[in-house]
Amino acid sequence: MSVRVRFAPSPTGPLHIGGVRTALFNYLFAKKNNGEFILRIEDTDQTRYVEGAEKYIKESLNWLGLNLDESPDIGGKHEPYKQSERREIYEKYIRILIENKKAYYAFDTSEELDAMREKLQEQKSSVQQYNSFTRGEMKNSFTLSEDEVNQKISSGESFVVRFDMPANRVVEMNDIIRGKISVNTSTLDDKVLFKSDGLPTYHLANIVDDHLMEITHVIRGEEWLPSMPLHVLLYEAFGWNPPLFAHLPLILKPNGKGKLSKRDGDQLGFPVFPMNWEDPQSKEIFSGYKEWGYLPQAVNNMLAFLGWNPGTEQEVFSVEELAQLFDLEKVQKGGAKFDPEKTKWFNQQHLKELSTSELSKIFFEDLKNRGIETDISFVEKIVELVRERAVFVKDLWDLGNYFFEAPKEYDPKALKKNWKEETPDIIKKVVDLLSNISDFSSNNIEEEVKKWIEENELGFGKVLNPVRLLIVGTTSGPHLFDIIELVGKEQVISRMKEGLLKNS
(Lines give C-alpha, C1' and ligand atoms only; values in the text may rest on other atoms or scores of the structure.)
Protein backbone atom coordinates (compact mmCIF):
# COMPACT_ATOMS: atom_id res chain seq x y z
CA MET A 1 0.00 0.00 0.00
CA SER A 2 1.43 3.36 -1.02
CA VAL A 3 1.08 5.80 1.87
CA ARG A 4 -0.85 8.99 1.12
CA VAL A 5 -1.61 11.53 3.85
CA ARG A 6 -3.15 14.97 3.78
CA PHE A 7 -3.11 18.16 5.79
CA ALA A 8 -6.54 19.73 5.38
CA PRO A 9 -6.83 23.11 7.15
CA SER A 10 -9.73 25.52 6.90
CA PRO A 11 -8.75 29.09 5.91
CA THR A 12 -10.54 30.64 8.89
CA GLY A 13 -7.51 32.41 10.36
CA PRO A 14 -3.81 31.92 11.06
CA LEU A 15 -2.30 28.46 11.41
CA HIS A 16 -1.88 27.70 15.13
CA ILE A 17 1.09 25.53 16.14
CA GLY A 18 -1.37 22.73 16.92
CA GLY A 19 -2.19 22.72 13.22
CA VAL A 20 1.47 23.02 12.31
CA ARG A 21 2.24 19.94 14.41
CA THR A 22 -0.52 18.03 12.61
CA ALA A 23 1.03 19.02 9.28
CA LEU A 24 4.48 18.02 10.55
CA PHE A 25 3.37 14.58 11.77
CA ASN A 26 1.66 13.92 8.43
CA TYR A 27 4.81 15.03 6.60
CA LEU A 28 7.13 12.88 8.75
CA PHE A 29 4.89 9.83 8.35
CA ALA A 30 4.79 10.28 4.58
CA LYS A 31 8.58 10.65 4.31
CA LYS A 32 9.21 7.70 6.64
CA ASN A 33 7.10 5.50 4.34
CA ASN A 34 8.16 6.97 0.99
CA GLY A 35 4.62 8.26 0.66
CA GLU A 36 2.95 11.45 -0.53
CA PHE A 37 2.03 14.54 1.49
CA ILE A 38 -0.97 16.49 0.22
CA LEU A 39 -2.41 19.90 1.08
CA ARG A 40 -6.18 20.23 0.72
CA ILE A 41 -7.96 23.47 1.58
CA GLU A 42 -11.30 22.80 3.28
CA ASP A 43 -13.17 26.03 2.55
CA THR A 44 -16.78 24.89 2.33
CA ASP A 45 -17.76 27.09 5.29
CA GLN A 46 -17.71 30.39 3.44
CA THR A 47 -19.19 32.27 6.43
CA ARG A 48 -15.93 31.73 8.36
CA TYR A 49 -13.56 32.32 5.44
CA VAL A 50 -10.81 34.85 6.31
CA GLU A 51 -9.03 36.79 3.59
CA GLY A 52 -5.33 35.95 3.42
CA ALA A 53 -5.56 32.81 5.57
CA GLU A 54 -4.99 30.35 2.71
CA LYS A 55 -1.88 32.25 1.57
CA TYR A 56 -0.64 32.33 5.17
CA ILE A 57 -1.03 28.54 5.50
CA LYS A 58 0.98 27.92 2.33
CA GLU A 59 3.73 30.40 3.28
CA SER A 60 4.02 28.85 6.75
CA LEU A 61 4.45 25.32 5.38
CA ASN A 62 7.00 26.63 2.90
CA TRP A 63 9.00 28.44 5.63
CA LEU A 64 9.06 25.25 7.72
CA GLY A 65 10.29 23.25 4.74
CA LEU A 66 7.32 20.86 4.74
CA ASN A 67 7.38 20.30 1.01
CA LEU A 68 4.15 19.22 -0.64
CA ASP A 69 3.61 16.56 -3.28
CA GLU A 70 0.13 17.72 -4.29
CA SER A 71 -1.69 20.98 -3.51
CA PRO A 72 -3.91 23.68 -5.01
CA ASP A 73 -0.79 25.36 -6.45
CA ILE A 74 1.13 22.26 -7.52
CA GLY A 75 -1.87 20.31 -8.76
CA GLY A 76 -1.98 16.52 -8.93
CA LYS A 77 -3.96 13.55 -10.16
CA HIS A 78 -6.93 14.31 -7.87
CA GLU A 79 -7.31 18.06 -8.38
CA PRO A 80 -8.91 20.40 -7.58
CA TYR A 81 -7.56 20.54 -4.02
CA LYS A 82 -9.90 23.26 -2.79
CA GLN A 83 -13.26 22.01 -1.61
CA SER A 84 -15.10 25.10 -2.86
CA GLU A 85 -14.13 23.97 -6.38
CA ARG A 86 -15.50 20.43 -5.90
CA ARG A 87 -19.23 21.23 -5.47
CA GLU A 88 -20.42 18.98 -8.31
CA ILE A 89 -18.53 16.03 -6.85
CA TYR A 90 -20.28 16.37 -3.49
CA GLU A 91 -23.70 16.74 -5.14
CA LYS A 92 -23.14 13.42 -6.88
CA TYR A 93 -22.27 11.60 -3.67
CA ILE A 94 -25.01 13.11 -1.51
CA ARG A 95 -27.52 11.83 -4.10
CA ILE A 96 -26.02 8.34 -3.76
CA LEU A 97 -26.60 8.41 0.01
CA ILE A 98 -30.19 9.63 -0.41
CA GLU A 99 -30.97 7.00 -3.05
CA ASN A 100 -29.55 4.28 -0.80
CA LYS A 101 -31.61 5.52 2.18
CA LYS A 102 -28.47 6.44 4.12
CA ALA A 103 -29.36 10.12 4.25
CA TYR A 104 -32.59 12.13 4.14
CA TYR A 105 -34.03 15.59 3.52
CA ALA A 106 -34.96 17.78 6.49
CA PHE A 107 -36.97 21.00 6.13
CA ASP A 108 -36.99 22.21 9.76
CA THR A 109 -36.53 25.92 10.31
CA SER A 110 -34.13 27.25 12.93
CA GLU A 111 -37.15 28.21 15.07
CA GLU A 112 -38.53 24.67 14.88
CA LEU A 113 -35.14 23.22 15.84
CA ASP A 114 -34.92 25.57 18.83
CA ALA A 115 -38.44 24.60 19.89
CA MET A 116 -37.51 20.90 19.70
CA ARG A 117 -34.46 21.42 21.92
CA GLU A 118 -36.43 23.48 24.46
CA LYS A 119 -39.11 20.79 24.65
CA LEU A 120 -36.50 18.09 25.28
CA GLN A 121 -34.92 20.19 28.02
CA GLU A 122 -38.30 20.82 29.68
CA GLN A 123 -39.02 17.09 29.59
CA LYS A 124 -35.51 16.47 31.00
CA SER A 125 -35.14 13.88 28.26
CA SER A 126 -31.94 11.88 28.03
CA VAL A 127 -32.09 12.65 24.31
CA GLN A 128 -31.10 16.23 23.50
CA GLN A 129 -30.49 16.08 19.76
CA TYR A 130 -31.90 15.41 16.30
CA ASN A 131 -31.68 11.63 15.91
CA SER A 132 -33.65 8.42 15.42
CA PHE A 133 -35.65 9.14 18.59
CA THR A 134 -36.71 12.70 17.73
CA ARG A 135 -36.78 12.83 13.92
CA GLY A 136 -40.31 11.37 13.90
CA GLU A 137 -41.65 14.68 15.27
CA MET A 138 -39.83 16.89 12.76
CA LYS A 139 -40.27 17.84 9.08
CA ASN A 140 -38.21 15.38 7.08
CA SER A 141 -38.30 12.42 4.73
CA PHE A 142 -39.50 10.17 7.57
CA THR A 143 -42.60 12.24 8.36
CA LEU A 144 -43.40 13.58 4.88
CA SER A 145 -44.51 11.62 1.85
CA GLU A 146 -42.25 11.38 -1.18
CA ASP A 147 -44.61 13.73 -3.08
CA GLU A 148 -44.46 16.29 -0.24
CA VAL A 149 -40.66 16.13 -0.17
CA ASN A 150 -40.43 16.60 -3.95
CA GLN A 151 -42.93 19.45 -3.86
CA LYS A 152 -40.97 21.30 -1.18
CA ILE A 153 -37.73 20.88 -3.10
CA SER A 154 -39.23 22.00 -6.43
CA SER A 155 -40.83 25.04 -4.80
CA GLY A 156 -37.40 26.14 -3.53
CA GLU A 157 -38.03 25.55 0.15
CA SER A 158 -34.85 25.54 2.20
CA PHE A 159 -33.58 22.15 3.29
CA VAL A 160 -30.56 20.27 4.57
CA VAL A 161 -29.57 16.64 4.10
CA ARG A 162 -28.94 14.66 7.30
CA PHE A 163 -27.23 11.33 7.85
CA ASP A 164 -29.54 8.48 8.85
CA MET A 165 -27.73 7.49 12.03
CA PRO A 166 -28.68 3.90 12.89
CA ALA A 167 -30.38 3.45 16.27
CA ASN A 168 -28.67 1.77 19.22
CA ARG A 169 -25.78 0.19 17.37
CA VAL A 170 -22.25 -0.23 18.75
CA VAL A 171 -19.60 1.04 16.34
CA GLU A 172 -16.23 -0.69 16.81
CA MET A 173 -13.24 1.33 15.66
CA ASN A 174 -9.45 1.29 15.91
CA ASP A 175 -7.11 4.23 16.33
CA ILE A 176 -3.34 3.76 15.83
CA ILE A 177 -2.61 5.92 18.88
CA ARG A 178 -5.59 5.16 21.14
CA GLY A 179 -6.34 1.55 20.30
CA LYS A 180 -9.87 0.12 20.21
CA ILE A 181 -12.79 2.53 20.61
CA SER A 182 -16.48 1.59 20.93
CA VAL A 183 -19.35 4.08 20.61
CA ASN A 184 -23.11 3.45 20.79
CA THR A 185 -24.97 5.35 18.07
CA SER A 186 -27.70 6.31 20.56
CA THR A 187 -25.27 9.01 21.74
CA LEU A 188 -24.91 10.42 18.23
CA ASP A 189 -27.13 12.75 16.22
CA ASP A 190 -28.22 12.81 12.60
CA LYS A 191 -25.47 15.16 11.47
CA VAL A 192 -26.11 17.59 8.62
CA LEU A 193 -24.14 16.46 5.56
CA PHE A 194 -25.38 19.02 3.06
CA LYS A 195 -26.31 22.59 3.93
CA SER A 196 -29.04 24.83 2.65
CA ASP A 197 -26.46 26.88 0.73
CA GLY A 198 -25.76 23.90 -1.54
CA LEU A 199 -22.37 23.11 -0.02
CA PRO A 200 -21.42 20.03 2.00
CA THR A 201 -20.46 20.12 5.66
CA TYR A 202 -17.00 19.07 6.77
CA HIS A 203 -18.18 15.51 7.38
CA LEU A 204 -19.34 14.67 3.87
CA ALA A 205 -16.64 16.60 2.00
CA ASN A 206 -13.93 15.14 4.19
CA ILE A 207 -14.98 11.53 3.61
CA VAL A 208 -15.56 11.90 -0.12
CA ASP A 209 -12.27 13.71 -0.68
CA ASP A 210 -10.22 11.32 1.43
CA HIS A 211 -11.64 8.39 -0.52
CA LEU A 212 -11.24 9.93 -3.97
CA MET A 213 -7.74 11.21 -3.15
CA GLU A 214 -6.77 7.70 -1.98
CA ILE A 215 -5.78 8.83 1.52
CA THR A 216 -4.45 5.84 3.44
CA HIS A 217 -3.98 7.42 6.88
CA VAL A 218 -5.96 10.22 8.49
CA ILE A 219 -3.67 11.87 11.05
CA ARG A 220 -5.48 14.73 12.78
CA GLY A 221 -6.04 16.42 16.13
CA GLU A 222 -7.83 14.92 19.12
CA GLU A 223 -10.71 17.38 18.67
CA TRP A 224 -11.88 15.29 15.69
CA LEU A 225 -12.12 12.07 17.71
CA PRO A 226 -15.91 12.54 18.36
CA SER A 227 -16.43 12.64 14.57
CA MET A 228 -14.74 9.30 14.00
CA PRO A 229 -17.88 7.10 14.46
CA LEU A 230 -19.83 9.17 11.94
CA HIS A 231 -16.96 9.03 9.47
CA VAL A 232 -16.59 5.26 9.83
CA LEU A 233 -20.34 4.86 9.25
CA LEU A 234 -20.19 7.13 6.21
CA TYR A 235 -17.48 4.95 4.68
CA GLU A 236 -19.70 1.97 5.36
CA ALA A 237 -22.71 3.73 3.81
CA PHE A 238 -20.76 4.27 0.60
CA GLY A 239 -19.39 0.73 0.64
CA TRP A 240 -15.79 2.00 0.92
CA ASN A 241 -12.92 0.78 3.09
CA PRO A 242 -11.97 3.49 5.59
CA PRO A 243 -8.39 4.75 5.97
CA LEU A 244 -6.44 4.13 9.17
CA PHE A 245 -7.01 6.81 11.82
CA ALA A 246 -4.59 8.42 14.27
CA HIS A 247 -5.78 11.21 16.58
CA LEU A 248 -2.98 13.35 18.01
CA PRO A 249 -3.01 14.56 21.64
CA LEU A 250 -3.75 18.16 22.55
CA ILE A 251 -1.01 20.73 23.04
CA LEU A 252 -1.54 22.09 26.54
CA LYS A 253 -0.72 25.43 28.16
CA PRO A 254 2.68 25.59 29.95
CA ASN A 255 0.95 24.93 33.28
CA GLY A 256 -0.78 21.88 31.82
CA LYS A 257 -4.25 23.31 32.48
CA GLY A 258 -6.23 23.37 29.27
CA LYS A 259 -5.53 23.52 25.56
CA LEU A 260 -2.98 26.06 24.31
CA SER A 261 -5.08 28.72 22.61
CA LYS A 262 -4.40 31.30 19.93
CA ARG A 263 -4.53 34.05 22.57
CA ASP A 264 -2.12 32.41 25.01
CA GLY A 265 1.05 33.27 23.13
CA ASP A 266 1.17 37.05 23.25
CA GLN A 267 -0.46 37.04 26.69
CA LEU A 268 2.17 34.67 28.13
CA GLY A 269 5.13 36.02 26.16
CA PHE A 270 5.81 33.49 23.38
CA PRO A 271 4.53 32.90 19.82
CA VAL A 272 1.90 30.28 18.97
CA PHE A 273 1.90 30.96 15.21
CA PRO A 274 4.61 30.04 12.69
CA MET A 275 4.70 33.57 11.23
CA ASN A 276 3.31 36.99 12.08
CA TRP A 277 -0.40 37.30 11.33
CA GLU A 278 -2.27 40.56 10.86
CA ASP A 279 -6.01 40.22 11.42
CA PRO A 280 -7.64 41.69 8.29
CA GLN A 281 -10.53 43.11 10.32
CA SER A 282 -8.99 44.46 13.53
CA LYS A 283 -5.46 44.91 12.07
CA GLU A 284 -4.20 43.34 15.30
CA ILE A 285 -0.83 41.61 14.81
CA PHE A 286 -0.13 38.22 16.37
CA SER A 287 3.56 37.33 16.62
CA GLY A 288 5.14 34.34 14.91
CA TYR A 289 8.18 32.14 15.37
CA LYS A 290 9.84 33.39 12.19
CA GLU A 291 9.77 37.03 13.26
CA TRP A 292 10.89 36.15 16.79
CA GLY A 293 14.05 34.77 15.23
CA TYR A 294 13.43 31.04 15.55
CA LEU A 295 14.97 28.75 12.97
CA PRO A 296 12.41 26.59 11.11
CA GLN A 297 14.38 23.43 11.91
CA ALA A 298 14.18 24.27 15.63
CA VAL A 299 10.40 24.81 15.43
CA ASN A 300 9.97 21.45 13.70
CA ASN A 301 12.18 19.73 16.29
CA MET A 302 10.24 21.29 19.18
CA LEU A 303 6.85 20.38 17.71
CA ALA A 304 7.90 16.80 17.00
CA PHE A 305 8.56 16.32 20.72
CA LEU A 306 5.10 17.57 21.68
CA GLY A 307 3.44 14.20 22.03
CA TRP A 308 6.11 11.99 20.44
CA ASN A 309 9.50 10.73 21.48
CA PRO A 310 11.91 8.44 19.59
CA GLY A 311 12.81 6.65 22.80
CA THR A 312 16.48 7.68 22.69
CA GLU A 313 18.61 10.12 24.68
CA GLN A 314 19.09 12.33 21.61
CA GLU A 315 16.81 15.35 21.38
CA VAL A 316 18.23 17.49 18.58
CA PHE A 317 17.24 16.28 15.11
CA SER A 318 16.94 17.58 11.58
CA VAL A 319 13.62 17.01 9.81
CA GLU A 320 15.27 14.27 7.76
CA GLU A 321 16.42 12.50 10.94
CA LEU A 322 12.97 12.88 12.51
CA ALA A 323 11.38 11.29 9.44
CA GLN A 324 13.66 8.26 9.67
CA LEU A 325 12.64 7.62 13.29
CA PHE A 326 9.00 8.73 13.27
CA ASP A 327 6.48 6.15 14.42
CA LEU A 328 2.79 6.87 15.05
CA GLU A 329 2.65 4.10 17.63
CA LYS A 330 5.10 6.10 19.77
CA VAL A 331 2.78 9.10 19.89
CA GLN A 332 1.35 9.53 23.40
CA LYS A 333 -2.37 9.64 24.19
CA GLY A 334 -2.24 12.33 26.89
CA GLY A 335 -1.85 16.03 26.25
CA ALA A 336 1.63 17.48 25.73
CA LYS A 337 2.61 20.55 27.79
CA PHE A 338 4.12 23.37 25.78
CA ASP A 339 7.41 24.57 27.27
CA PRO A 340 8.58 28.04 26.08
CA GLU A 341 12.03 27.66 27.65
CA LYS A 342 12.58 24.27 26.04
CA THR A 343 11.60 25.85 22.73
CA LYS A 344 14.39 28.43 23.18
CA TRP A 345 16.78 25.60 24.04
CA PHE A 346 15.94 23.82 20.79
CA ASN A 347 16.66 27.01 18.87
CA GLN A 348 20.00 27.47 20.61
CA GLN A 349 21.01 23.89 19.80
CA HIS A 350 20.12 24.29 16.12
CA LEU A 351 21.90 27.64 16.02
CA LYS A 352 25.04 25.91 17.30
CA GLU A 353 24.77 23.34 14.52
CA LEU A 354 24.92 26.02 11.82
CA SER A 355 28.37 26.59 10.37
CA THR A 356 29.98 29.97 11.04
CA SER A 357 29.51 30.74 7.34
CA GLU A 358 25.77 29.96 7.41
CA LEU A 359 25.19 31.89 10.63
CA SER A 360 27.24 34.85 9.41
CA LYS A 361 25.12 35.17 6.28
CA ILE A 362 21.97 35.41 8.40
CA PHE A 363 23.60 37.91 10.80
CA PHE A 364 24.92 39.88 7.83
CA GLU A 365 21.32 40.42 6.67
CA ASP A 366 20.34 41.47 10.20
CA LEU A 367 23.17 44.04 10.18
CA LYS A 368 22.03 45.40 6.80
CA ASN A 369 18.53 45.85 8.22
CA ARG A 370 20.11 47.86 11.05
CA GLY A 371 21.80 50.13 8.51
CA ILE A 372 25.30 48.81 9.22
CA GLU A 373 27.65 48.38 6.27
CA THR A 374 30.41 45.83 6.70
CA ASP A 375 31.93 42.85 4.90
CA ILE A 376 31.12 39.19 5.41
CA SER A 377 34.67 38.18 6.39
CA PHE A 378 34.60 40.64 9.30
CA VAL A 379 31.16 39.34 10.34
CA GLU A 380 32.44 35.75 10.31
CA LYS A 381 35.23 36.65 12.75
CA ILE A 382 32.74 38.26 15.13
CA VAL A 383 30.27 35.38 14.89
CA GLU A 384 33.04 32.93 15.75
CA LEU A 385 33.74 34.87 18.95
CA VAL A 386 30.21 35.48 20.27
CA ARG A 387 28.01 32.67 18.88
CA GLU A 388 28.32 30.30 21.86
CA ARG A 389 25.95 32.32 24.06
CA ALA A 390 23.39 33.16 21.35
CA VAL A 391 19.88 31.70 21.50
CA PHE A 392 18.60 33.68 18.50
CA VAL A 393 20.40 35.32 15.58
CA LYS A 394 19.32 38.70 16.97
CA ASP A 395 21.30 37.87 20.13
CA LEU A 396 24.47 38.16 18.06
CA TRP A 397 23.83 41.90 17.93
CA ASP A 398 23.31 42.12 21.68
CA LEU A 399 26.46 40.06 22.25
CA GLY A 400 28.64 41.87 19.72
CA ASN A 401 27.22 45.30 18.87
CA TYR A 402 30.39 46.95 20.27
CA PHE A 403 32.31 45.66 17.24
CA PHE A 404 30.28 48.08 15.11
CA GLU A 405 29.66 51.03 17.44
CA ALA A 406 31.21 52.52 20.56
CA PRO A 407 29.32 51.92 23.81
CA LYS A 408 26.87 54.71 24.59
CA GLU A 409 26.99 53.95 28.30
CA TYR A 410 28.91 51.78 30.74
CA ASP A 411 27.62 49.07 33.06
CA PRO A 412 27.17 51.05 36.32
CA LYS A 413 27.99 48.10 38.60
CA ALA A 414 31.12 47.25 36.62
CA LEU A 415 32.14 50.91 36.59
CA LYS A 416 31.77 51.27 40.36
CA LYS A 417 33.75 48.08 40.95
CA ASN A 418 36.60 48.70 38.50
CA TRP A 419 37.03 52.48 38.21
CA LYS A 420 39.37 53.58 41.00
CA GLU A 421 41.31 56.76 41.73
CA GLU A 422 44.40 55.53 39.89
CA THR A 423 42.47 54.12 36.89
CA PRO A 424 42.58 57.27 34.65
CA ASP A 425 46.38 57.36 34.89
CA ILE A 426 46.59 53.63 34.03
CA ILE A 427 44.28 54.09 31.02
CA LYS A 428 46.41 56.99 29.69
CA LYS A 429 49.50 54.80 29.85
CA VAL A 430 47.73 51.90 28.11
CA VAL A 431 46.62 54.32 25.36
CA ASP A 432 50.27 55.35 24.85
CA LEU A 433 51.32 51.71 24.83
CA LEU A 434 48.70 50.68 22.23
CA SER A 435 49.55 53.70 20.07
CA ASN A 436 53.11 52.46 19.70
CA ILE A 437 52.25 48.84 18.82
CA SER A 438 52.64 48.31 15.07
CA ASP A 439 51.70 44.61 14.95
CA PHE A 440 48.07 44.97 16.07
CA SER A 441 47.28 41.25 16.16
CA SER A 442 45.58 39.72 19.18
CA ASN A 443 48.58 37.61 20.23
CA ASN A 444 51.08 40.44 19.92
CA ILE A 445 48.87 42.99 21.72
CA GLU A 446 48.32 40.50 24.55
CA GLU A 447 52.03 39.84 24.86
CA GLU A 448 52.94 43.55 24.92
CA VAL A 449 50.19 44.59 27.37
CA LYS A 450 50.77 41.73 29.82
CA LYS A 451 54.52 42.36 29.71
CA TRP A 452 53.87 46.03 30.56
CA ILE A 453 51.52 45.07 33.44
CA GLU A 454 54.12 42.74 34.94
CA GLU A 455 56.95 45.29 34.58
CA ASN A 456 54.84 47.88 36.41
CA GLU A 457 53.75 45.34 39.04
CA LEU A 458 50.04 45.97 38.41
CA GLY A 459 47.27 43.39 38.74
CA PHE A 460 45.78 42.13 35.46
CA GLY A 461 42.22 42.84 36.63
CA LYS A 462 43.20 46.36 37.69
CA VAL A 463 44.22 47.13 34.10
CA LEU A 464 42.25 44.85 31.80
CA ASN A 465 38.79 45.25 33.39
CA PRO A 466 38.61 49.07 32.94
CA VAL A 467 40.15 48.74 29.45
CA ARG A 468 37.40 46.26 28.46
CA LEU A 469 34.78 48.49 30.09
CA LEU A 470 35.71 51.47 27.90
CA ILE A 471 35.89 49.45 24.69
CA VAL A 472 32.86 47.18 25.22
CA GLY A 473 30.69 48.91 27.83
CA THR A 474 30.80 45.97 30.25
CA THR A 475 33.38 43.58 31.70
CA SER A 476 32.02 40.40 30.08
CA GLY A 477 32.50 39.00 26.61
CA PRO A 478 35.05 37.15 24.47
CA HIS A 479 38.83 37.30 24.82
CA LEU A 480 39.72 40.99 25.25
CA PHE A 481 42.67 41.03 22.87
CA ASP A 482 40.60 39.40 20.11
CA ILE A 483 38.12 42.25 20.57
CA ILE A 484 40.90 44.86 20.45
CA GLU A 485 42.28 43.42 17.20
CA LEU A 486 38.87 43.38 15.48
CA VAL A 487 37.75 46.80 16.69
CA GLY A 488 41.06 48.22 15.43
CA LYS A 489 43.74 50.53 16.81
CA GLU A 490 42.13 53.82 15.85
CA GLN A 491 38.71 52.95 17.26
CA VAL A 492 40.10 51.35 20.44
CA ILE A 493 42.20 54.41 21.28
CA SER A 494 39.28 56.72 20.47
CA ARG A 495 36.95 54.80 22.81
CA MET A 496 39.48 54.80 25.63
CA LYS A 497 40.07 58.55 25.31
CA GLU A 498 36.30 59.16 25.22
CA GLY A 499 35.91 56.98 28.33
CA LEU A 500 38.54 59.01 30.15
CA LEU A 501 36.67 62.24 29.44
CA LYS A 502 33.36 60.78 30.67
CA ASN A 503 34.72 59.18 33.82
CA SER A 504 37.48 61.51 35.03
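Throughout, residue positions are numbered sequentially from 1 according to the sequence presented.
P229 has its side chain within reach of M173: a pair of non-hydrogen atoms, C-beta onward, lies under 4.5 Å apart. Taking 4.5 Å as the limit, some side-chain heavy atom of W345 sits within range of a side-chain heavy atom of V316. The shortest side-chain heavy-atom distance between F238 and N100 does not fall under the 4.5 Å cut-off. Within the 4.5 Å cutoff, the side chain of L64 has heavy atoms near those of the V20 side chain. The side-chain heavy atoms of K361 and E358, taken from C-beta on, include no pair separated by under 4.5 Å. The shortest distance between side-chain heavy atoms of V208 and I89 falls below 4.5 Å. Two residues are said to be in side-chain contact when any heavy atoms from C-beta on lie closer than 4.5 Å; V299 and N347 fail this criterion. Residues E85 and D43 fail the side-chain proximity criterion, which asks for heavy atoms closer than 4.5 Å.
Under the side-chain hydrogen bond (donor to acceptor under 3.5 Å, both in side chains) criterion, T47 pairs with D45, not counting sequence neighbours. Annotation: side-chain contact (heavy atoms from CB on, under 4.5 Å) contacts of I74 (sequence neighbours excluded): L68, S71. Residues forming a side-chain contact (heavy atoms from CB on, under 4.5 Å) with L268 (at least two apart in sequence, or on another chain): P254, D264, F270. With sequence neighbours excluded, no residue satisfies side-chain hydrogen bond (donor to acceptor under 3.5 Å, both in side chains) with R389.
Judged purely by distance below 3.5 Å, without hydrogens or angles, the side chains of H247 and R220 pair a donor atom with an acceptor atom. With hydrogens and angles left out, the side-chain atoms of N276 and S287 include no donor and acceptor closer than 3.5 Å. For the residue pair S145 / E148, a side-chain donor-acceptor distance below 3.5 Å is found, with atom types taken as modelled. Neither side chain, N140 nor D108, offers a donor N or O lying under 3.5 Å from an acceptor on the other.
Nearest heavy atoms, L193 versus L234: CD1-CD2, 4.0 Å. For the pair F107 and V149, the tightest heavy-atom approach, listed with the atom from each and the gap, is CZ-O, 3.9 Å. G288 and P271 get closest at one heavy-atom pair: C-CB, 3.7 Å. The two residues P11 and E54 make their nearest non-hydrogen contact at CB-N, 3.9 Å. Between L113 and M138 the shortest heavy-atom distance is CD2-CE, 4.1 Å. In this structure, K262 and P14 approach most closely via the heavy-atom pair NZ-O, 3.6 Å.
In this structure, the side chain of R6 does not engage the main chain of F37 through any donor-acceptor pair within 3.5 Å. The closest donor-acceptor contact from the side chain of E321 to the backbone of S318 lies under 3.5 Å. The backbone N or O of S196 sits nowhere less than 3.5 Å from a side-chain atom of S158 that would complete a donor-acceptor pair. Remark: the backbone N or O of E157 is not paired with any side-chain donor or acceptor of K152 at under 3.5 angstrom. Between the T44 side chain and the Q83 main chain, no donor and acceptor come within less than 3.5 Å of each other. A donor-acceptor pair under 3.5 Å links the side-chain atoms of Q129 to the main chain of T187, judged by distance alone. Under a 3.5 Å cut-off, the side chain of N62 and the backbone N or O of K58 do not form any donor-acceptor pair. With T22 contributing its side chain and G18 its backbone, the two residues share a donor-acceptor pair below 3.5 Å. Remark: side-chain polar atoms of N301 are not paired, donor with acceptor, to backbone N or O of Q297 under 3.5 angstrom.
Looking at R40 and E70, no side-chain N of the basic residue comes within less than 4.0 Å of a carboxylate O on the acidic one, giving no salt bridge. A salt bridge links E112 with K139: at least one charged nitrogen is closer than 4.0 Å to a carboxylate oxygen. Between D69 and K31 there is a salt bridge, since at least one side-chain N of the basic residue sits less than 4.0 Å from a carboxylate O of the acidic one. Ionic pairing of K283 and D279 is not present here: no N-O contact between side-chain nitrogen and carboxylate oxygen is shorter than 4.0 angstrom. E236 has a carboxylate O that lies under 4.0 Å from a charged side-chain N of R169, or vice versa, which qualifies the two as a salt bridge. The residues E365 and K368 are annotated as salt-bridged, a charged nitrogen and a carboxylate oxygen being separated by less than 4.0 angstrom.
Crowding of K124 atom NZ: a count of heavy atoms from other residues, nucleotides or ligands under 6.0 Å not exceeding 12. Counting heavy-atom neighbours within 6.0 Å of E284 CD, excluding the residue itself, gives a total above 12. Within 6.0 Å of atom CG in N241, 12 or fewer heavy atoms from other residues, nucleotides or ligands are found, so the atom counts as exposed in its surroundings. At most 12 heavy atoms of other shown residues, nucleotides or ligands fall within 6.0 angstrom of atom CD in E388. Atom CD of E146 has 12 or fewer heavy atoms from other residues, nucleotides or ligands within 6.0 Å. Around atom NZ of K119, no more than 12 heavy atoms belonging to other residues, nucleotides or ligands sit under 6.0 Å away. Annotation for Q123: atom CD counts as buried by contact number, over 12 foreign heavy atoms lying within 6.0 Å. The neighbour count for Q281 CD, taken as heavy atoms of other residues, nucleotides or ligands under 6.0 Å away, does not exceed 12.
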Under the criterion ring-ring contact (aromatic ring centres under 6.0 Å, His included), I'd like the reasoning laid out for F142 against Y104: C-alpha separation, chi angles, the key distance, then a yes or no.
CA-CA 8 Å; F142 289 97; Y104 62 93; 4.8 Å; yes

Test log, rule side chain to side chain donor-acceptor pair (under 3.5 Å), inputs T356 and E380:
CA-CA 6 Å; T356 296; E380 285 180 353; over 6 Å; no

Please test F163 against H231 for ring-ring contact (aromatic ring centres under 6.0 Å, His included), starting from the C-alpha separation and ending with a verdict.
CA-CA 11 Å; F163 182 65; H231 293 179; over 10 Å; no

Give the C-alpha distance, both sets of side-chain angles, the deciding distance and a yes or no for salt bridge (charged side-chain N to carboxylate O under 4.0 Å, His left out) between K333 and E222.
CA-CA 9 Å; K333 298 176 187 177; E222 180 181 306; over 6 Å; no

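Taking the six-membered ring wherever Trp is involved, the centroid distance between the rings of Y93 and H211 does not fall below 6.0 Å.
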Donor-acceptor pairs are to be reported for all side-chain atoms of residues 393-400 against protein atoms at under 3.5 Å, with residues two or more places apart or in another chain.
{"residue": "K394", "atom": "NZ", "partner": "W292", "partner atom": "O", "Å": "3.0"}
{"residue": "D395", "atom": "OD2", "partner": "V391", "partner atom": "N", "Å": "2.9"}
{"residue": "D395", "atom": "OD2", "partner": "F392", "partner atom": "N", "Å": "2.9"}

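Under the 6.0 Å distance and 45° angle rule, K342 counts as a cation-pi partner of F346. A cation-pi geometry, defined here as NZ or CZ lying under 6.0 Å from the six-membered ring centre and within 45° of its normal, does not hold between K32 and F326. Judged by a 6.0 Å distance limit and a 45° cone about the ring axis, R162 is positioned over the six-membered ring of Y130. Relative to the six-membered ring of F25, R21 meets both conditions, a distance below 6.0 Å and an angle of at most 45° to the axis.
Listed by first then second residue, pairs satisfying ring-ring contact (aromatic ring centres under 6.0 Å, His included) with a partner in residues 43-90 read Y56-W277, not counting sequence neighbours.
Ring pair F305/W308 is perpendicular by interplanar angle, where above 60° counts as perpendicular and below 30° as parallel. The aromatic rings of F273 and H16 stand perpendicular to each other, their planes meeting at an angle above 60°, with 30° marking the opposite boundary.
Note that the CG atom of D209 and the CD atom of E214 stand 13.0 Å from one another [nearest 0.5 Å].
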